[in-house]
Amino acid sequence: MAETTHQAFDPLATGSHARQLRAKFTVYALLVFFALLYLSPLVIIFMNSFRPLEEIVREGFISAPNALSAQYWVEAWSSFCIGGNCEGVSRYFSNTLIMTIPATILSTAFGVVNGYALSKWRFKYDTWVFGLITLGVFLPAQMTLLPWAFVLGKIGLSNTIGGLVLVHTVQGISFTTLFCRNYFVAVPDDLIKAARIDGAGFWRIFRRIMLPLSPPILIVCVIWQFTGIWNEFLFGTVFTSGSNQPITSAIVAFSGSGTGERHYNVEAASVIFAALPPLCVYVLGGKYFVRGLTSGAVK
Amino acid sequence: MSSLLIKNLRKSYGSVEVLKDINLEAKSGEFVALVGPSGCGKSTLLSIIAGLESVTSGEVLIEDKLVNNEAPKDRDIAMVFQSYALYPTMTVRQNMTFGMECRNIDKATQDDTITRVAALLQIEPLLNRKPGQLSGGQRQRVAMGRALVRDPKLFLFDEPLSNLDAKLRVEMRSEIKKLHQNVGRTTVYVTHDQIEAMTLATRIAVMHQGVLQQYAAPKEIYENPANVFVAGFMGSPNMNFFSARFVSSDAESGIALEGGDGALLPLPDGQYDHLTDGQPVIFGVRPEHFNPAHEGRAARKGNTSAVVSVAIEMDEPTGSETILMCKIAQQEAIVVCEPDEAPEPGTTMAFEIDMSKISLFDPSTEERL
């Protein structure tokens, strides 16, 4: 790896001993401060998900827990009432899952094929096609709301998970195409020429030559699409309602509804459920994400 | 029978014409080198032969079959690329079988072919490695192996040696020549290196700015270049070009260098009778056709040499020969001579020019006279 080939210059290891200590202390103090600052919401929510409601009400939201209980997690998952539906977040969680997984796979698959075709084959108006596809990257989602509502209504997919899969697949293709096309551009054209002379066609070249080179960018696409679609809120809120909503839209109910007492602990657990999958993906896949975006296709 | 025939070929990208009316023919088993400076269109021509680029007008025939609209895979060709273009995720063996797999050749035949070609190129120990684990020379061999597993009508080479270091390049050059002698297939070889072209080819096509300048055997190209470009491009160091005039009177005739003392350099009999008195010419002499003047050598050579006075300005000893930067009749010149005969810089010395090997060109058309 490149990191080990040279010793990085360490500015903290220069000057007098006192200066080095002072410099190190300052840097680490700042790092710790900002780390705590950014982590505090997660920590507070996490702690509240274990605290009894009376304790939260009595001692306030920010306080160390006295008695811990996992029952609020169980309640949040299976029996908590959200928007009049008392199945907990499990229903919305699975809604999101059956929306996110197909949409991620489909948009990535289309993106890889698009990227391959647009980077390695010349056809009439190919730059226009690429330009129009990537225009979607810059198009605000709000602008697409009305056209999508019209289309979903026409094809009978209003208020369905299937409808959201369609919307996210199409919206996602812009990103995946852009990622894959830019990645494949770095693959030497001579490889394609050699394969064409060898007698391979469009799909065989894709399957045998491009796809084996693709894992880094596939990982980028999957992580990007999975987290993006999971966290997406606008389409879910506008196009679905009731028990068909994805989890991000469903937990909006926590913010409104003035009636009844607030179950801060159960709500905290629900929110963590909603945030858990993208969080795991970031933690587990972050390294590959950066590697895929920065590495070339052929070394 | 001609293995490859190119008739009135033109290629344009938009309004830019990169190939202008190319006519080329390769007989079966011939080794044709396409040579020229970068941007001369030689690689485009090769791509067109391979079917990777379309034709704007004209015809390409492989073994008398028109292939203008045939896909590369249907032309029965094999190609070696400058970048080798080995499939990076496949092993050497898979690289070589990929083409056969695409053509649905059965497994047993594939194995036999691999064994044969791997033995021929001595790459058996590499068969299970990936291209990334090979050195430049090994990749080059594998790339040739991938071409050889197919028994094509035409081998195409696109500057295959330019990514190798100098020593390896010379080794691989002679291997390619040996290979061509063994396999005996018609080969088209693109290079910008005139030495590669001279050593390998049975015929050389010199290209410049999309125009085929001359297509002939290496010896013919070297001895009788068709124009100033070919003369200057082929041969190292470059041919010297002097501006001069043809002078003819009853008493004597010959070439008078501009800026010289007016002495006439006699031309060989019979060859230049079409020149007229006072006609300006470009007088071309290769650096190796100068020899230090010795008593009696002129007579020994059948009086075909003429003596000029050479003012040496700088020398470049290469070991086997010494290159002299000098002035002849106030004009820049390069002369090559044996190291032990080399004069000191700053001196003036008499050299003989072998007049049977000179070239004369028309200054306006730059064509051979």
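Each chain gets a letter, A, B and so on, in the order its sequence line appears, and its residues count up from 1.
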Practice problem: Determine whether more than 12 heavy atoms belonging to other residues, nucleotides or ligands lie under 6.0 Å from atom CH2 of A/Trp224. | Solution: no
Self-check item: A/Asp198: which of B/Met100, B/Arg146, B/Lys73 passes side chain to side chain contact (heavy atoms under 4.5 Å, CB included)
Solution: B/Arg146
Self-check item: Interatomic spacing from OG in B/Ser83 to CG in A/Asp189 - rounded to 0.5 Å
Solution: 9.5 Å
Quiz prompt | Contact origin within B/Arg75 toward chain A - heavy atom pairs under 4.5 Å | solution = neither
Exercise. Measure the CG-CG distance between B/Asp158 and A/Asp190 for me, rounded to the nearest 0.5 Å.
Key: 7.5 Å
Exercise. Kindly determine whether A/Leu191 and B/Tyr84 satisfy side-chain contact (heavy atoms from CB on, under 4.5 Å), including the steps that lead there.
Key: CA-CA 9 Å; A/Leu191 285 186; B/Tyr84 315 133; over 6 Å; no
Quiz item: How many angstroms lie between atom OG1 of B/Thr89 and atom CG of A/Leu213, to the nearest 0.5 angstrom?
Solution: 5.0 Å
Quiz item: What's the spacing between B/Met79 CE and A/Lys193 NZ if we round to 0.5 Å?
Solution: 6.5 Å
Quiz item: Is A/Tyr28 atom OH crowded by more than 12 heavy atoms from other residues, nucleotides or ligands, each under 6.0 Å away?
Solution: no
Quiz item: Just wondering, are more than 12 heavy atoms of other shown residues or ligands nearer than 6.0 Å to CG in A/Leu31?
Solution: yes
Quiz item: Does CZ belonging to A/Phe206 count more than 12 external heavy atoms closer than 6.0 Å?
Solution: yes
Quiz item: What part of B/Leu86 gets closer than 4.5 Å to chain A, counting heavy atoms only: side chain, backbone, both or neither?
Solution: backbone
Quiz item: Below 4.5 Å, heavy atoms only, C-beta onward: do B/Phe98 and A/Ile209 meet side chain to side chain?
Solution: yes
Quiz item: Do other residues, nucleotides or ligands put more than 12 heavy atoms under 6.0 Å from the CZ atom of A/Phe123?
Solution: yes
Practice problem: Heavy atoms only, distances under 4.5 angstrom: which of B/Met90, B/Arg103, B/Gln94 has the most pairs with chain A? Name it, please. | Solution: B/Met90
Quiz item: Any donor and acceptor pair, going by atom type alone, linking the side chain of B/Tyr87 with main-chain N or O of A/Ala195 inside 3.5 Å?
Solution: yes
Quiz item: Just wondering, more than 12 heavy atoms not from B/Glu124 lying within 6.0 Å of its CD?
Solution: yes
Self-check item: CZ (A/Phe110) with more than 12 external heavy atoms under 6.0 Å
Solution: no
